[in-house]
Amino acid sequence: GNFMVGDHLKYHNTARFTAYSDSFKYTLLTSFFPYPDDYYTNRVRTQMNLVQGLNMFLAHRVEWTLFQKKVGMALSEAIIYQSEDNTLDLRILSPTAIFHNFYIKNHSNSLLSFEVDYTPIKGLNVYSQVVLDEFAVPGAEGSPGVAPSADPGAWGVLGGVQGTFSMKDILLYGSIEGSYTNPYLYLRSKDGDKQQPNEAGINFIVAVPERFMNGYGVYYDEQFLGYRYGPDAIIINATLGAKKIGSWNVETNLFAMIHGTTDQWTLFDKVTPPGGSNPYQSTPTTTHPTANALDPQANLRDSASTTIDLTLKGSYQVLPTLTLSAQGDYIWIKNPKNISSNPPIHELQLSFGIRYTL
């Protein structure tokens, strides 16, 4: 997954059109989700509740290669389009439309990303991605943290290196990736002003209805559509492994994350200079000055949380049809729930598996 569409959602209701040549590719993608007002203010939904409203993710993407296919680039633009009465502005369906040119703020929120990757030698790839949700044009718009009231900047960047090499009959592989997202990426209110606790925003947070329980209604799993860890995060992930095809595999992974106080239920608001009601903060934030739709005590958040997850796993093919596997994870979290008075969390997870194939 990436900043535009992550790989963590359990499923999509989607349609896709793709056209390509040897060095060029165009993709038009749609995915539909429940309208936020159907669950945001009342999370207990019965089968008798009227389901209405349109919530659509629409994206187009252009990919091309250069320099004998050693360099790949991709430009993607996406929009979250919402309509309370199920109406659809047909202009947004144009394959050549530039979503940022549509002045329909109460119906949509757009996202732009640029990706580049470089393969200097066979088996080694260097890549990067930048995503832009909100940016103040110098001289034309108020700068966050300077103007009395300004839209907060909303963007993210990631980069990494991955490689695969063979040594006789052993395959060695590894990767390292770092990412940064600032506090208001993916978040926005319907009118771009202060978001109220009972008001769903137009943002890149979607819900997947998972199950219906009599007496409890429908359960909705709310997730960021793009990067699974959302805004306000600094992350490093490194993997190193070795594999002998048809015999064994061993791999270790280190995941480290510093995450500020912002989550998918943080209510959007314009930011102010230091001393204001919602002072502009850089990642990771250590206070939560706005309200939170799900946590009435979010004002108690006073620190960034740190998560370390160290994984070691392996497998061994006993027979052509029988494989044994094992995995161990050590997890440590400092300042859980972004509250410094909460004691650190330590956890060791072990799992074992047997796979038999015919």
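By the 4.5 Å heavy-atom criterion applied to side chains, Y227 and S179 are counted as neighbours. Proximity of N299 to H288: side-chain heavy atoms (C-beta onward) are nowhere separated by under 4.5 Å. In this structure the side chain of F224 never reaches within 4.5 angstrom of the side chain of L185, judged on heavy atoms. Taking the side chain as every heavy atom from C-beta outward, D309 and Y330 never approach each other to under 4.5 Å. The shortest distance between side-chain heavy atoms of W248 and S315 does not fall below 4.5 Å. Between L319 and Y356, every side-chain heavy-atom pair lies at or beyond the 4.5 Å cut-off. Residues E84 and Y35 form a side-chain contact, since some pair of their non-hydrogen atoms from C-beta on lies under 4.5 Å apart. At a threshold of 4.5 Å between non-hydrogen side-chain atoms, the residues I308 and M257 do not count as touching.
Take D151 and apply the salt bridge (Lys or Arg N to Asp or Glu O under 4.0 Å) test, not counting sequence neighbours, and it matches K270. For the side chain to side chain contact (heavy atoms under 4.5 Å, CB included) test, residues two or more places apart in sequence or in another chain that qualify with N338 are T261, R301, S305. For D221, the side chain to side chain donor-acceptor pair (under 3.5 Å) criterion is met by Q223, not counting sequence neighbours. Remark: R355 pairs with no residue by the salt bridge (Lys or Arg N to Asp or Glu O under 4.0 Å) rule, at least two apart or across chains. Applying the side chain to side chain donor-acceptor pair (under 3.5 Å) test to D329 and every residue at least two apart in sequence or in another chain returns T311, Q327. The side chain to side chain donor-acceptor pair (under 3.5 Å) check on N109 picks up nothing, with sequence neighbours excluded.
Considering all non-hydrogen atoms of both residues, Y127 and D117 come closest at CB-CB, 3.7 Å. Closest non-hydrogen pair, A293 versus L267, comes out as CB-CD2, 3.9 Å. Closest of all the heavy-atom pairs between A304 and P284 is CB-CB, 3.7 Å. Annotation for G226 and H8: closest pair O-CE1, 2.9 Å, computed over non-hydrogen atoms. Here the closest non-hydrogen pair linking G201 and P36 is O-CG, 4.5 Å. Across Y280 and G153, no two heavy atoms sit closer than the pair CE1-N, 4.5 Å.
Side-chain atoms of E347 and Q349 include a donor-acceptor pair closer than 3.5 Å. Checked by atom type, the side-chain pair T285/D232 shows a donor-acceptor distance below 3.5 Å. Judged purely by distance below 3.5 Å, without hydrogens or angles, the side chains of T262 and Y184 never pair a donor atom with an acceptor atom. Looking at N253 and T239, their side chains do bring a donor and an acceptor atom within 3.5 Å of each other. Side-chain atoms of S83 and N86 include no donor-acceptor pair closer than 3.5 Å. Side-chain contact of T119 with N125: a donor-acceptor pair under 3.5 Å is present, judged by distance alone. W265 and E222 share a donor-acceptor pair across their side chains, judged by distance under 3.5 Å alone.
Ionic pairing of R188 and D193 is not present here: no N-O contact between side-chain nitrogen and carboxylate oxygen is shorter than 4.0 angstrom. K69 and D22 are joined by a salt bridge, as a carboxylate oxygen and a charged side-chain nitrogen come within less than 4.0 angstrom of each other.
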Let me have the donor-acceptor pairs involving side chains of residues 57-66, under 3.5 Å, with sequence neighbours excluded, atom names and distances please.
unit_1 : atom_1 : unit_2 : atom_2 : d
H60    : ND1    : P95    : O      : 3.4
H60    : NE2    : E77    : OE1    : 3.1
H60    : NE2    : A97    : O      : 3.2
R61    : NE     : E63    : OE2    : 3.2
R61    : NH1    : S76    : OG     : 2.9
R61    : NH1    : E115   : OE2    : 2.6
R61    : NH2    : E115   : OE1    : 3.4
R61    : NH2    : E115   : OE2    : 3.4

What donor-acceptor contacts under 3.5 angstrom involve side-chain atoms of residues 158-176, with partners at least two apart or in another chain?
unit_1 : atom_1 : unit_2 : atom_2 : d
D169   : OD2    : K244   : NZ     : 3.4
Y173   : OH     : N249   : OD1    : 3.3
Y173   : OH     : E251   : OE1    : 2.7

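Between F255 and Y229, the distance separating the two ring centers is shorter than 6.0 angstrom.
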Discussion item. Would E199 and S189 count as a side-chain hydrogen bond (donor to acceptor under 3.5 Å, both in side chains) here? Give the steps.
Written reply: CA-CA 8 Å; E199 174 198 4; S189 62; 5.1 Å; no
Discussion item. Could you go through F33 and H12, starting from their C-alpha distance and side-chain angles, then the distance that decides it, and tell me whether this counts as side-chain contact (heavy atoms from CB on, under 4.5 Å)?
Written reply: CA-CA 8 Å; F33 302 94; H12 285 263; 3.8 Å; yes
Discussion item. For N203 and Y186: C-alpha separation, side-chain torsions, deciding distance, then whether side-chain contact (heavy atoms from CB on, under 4.5 Å) applies.
Written reply: CA-CA 6 Å; N203 48 43; Y186 301 129; 5.5 Å; no
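By the 6.0 Å contact criterion, NZ on K243 is open, its count of non-hydrogen atoms from other residues, nucleotides or ligands being 12 or less.
Residue V146 shares its hydrophobic cluster (ILVMFWY side chains chained together at separations under 4.5 Å) with no other residue. In this structure, L300 shares a hydrophobic cluster with I339, the cluster being traced through Ile, Leu, Val, Met, Phe, Trp and Tyr side chains under 4.5 angstrom apart. As a member of the Ile/Leu/Val/Met/Phe/Trp/Tyr network built from side-chain separations under 4.5 Å, I345 groups with I331, I333.
I234 and V130 fall within a single hydrophobic cluster, where Ile, Leu, Val, Met, Phe, Trp and Tyr side chains are chained together by heavy-atom contacts under 4.5 Å.
For residues 142-164, the pairs satisfying ring-ring contact (aromatic ring centres under 6.0 Å, His included) are W155-Y180, with sequence neighbours left out.
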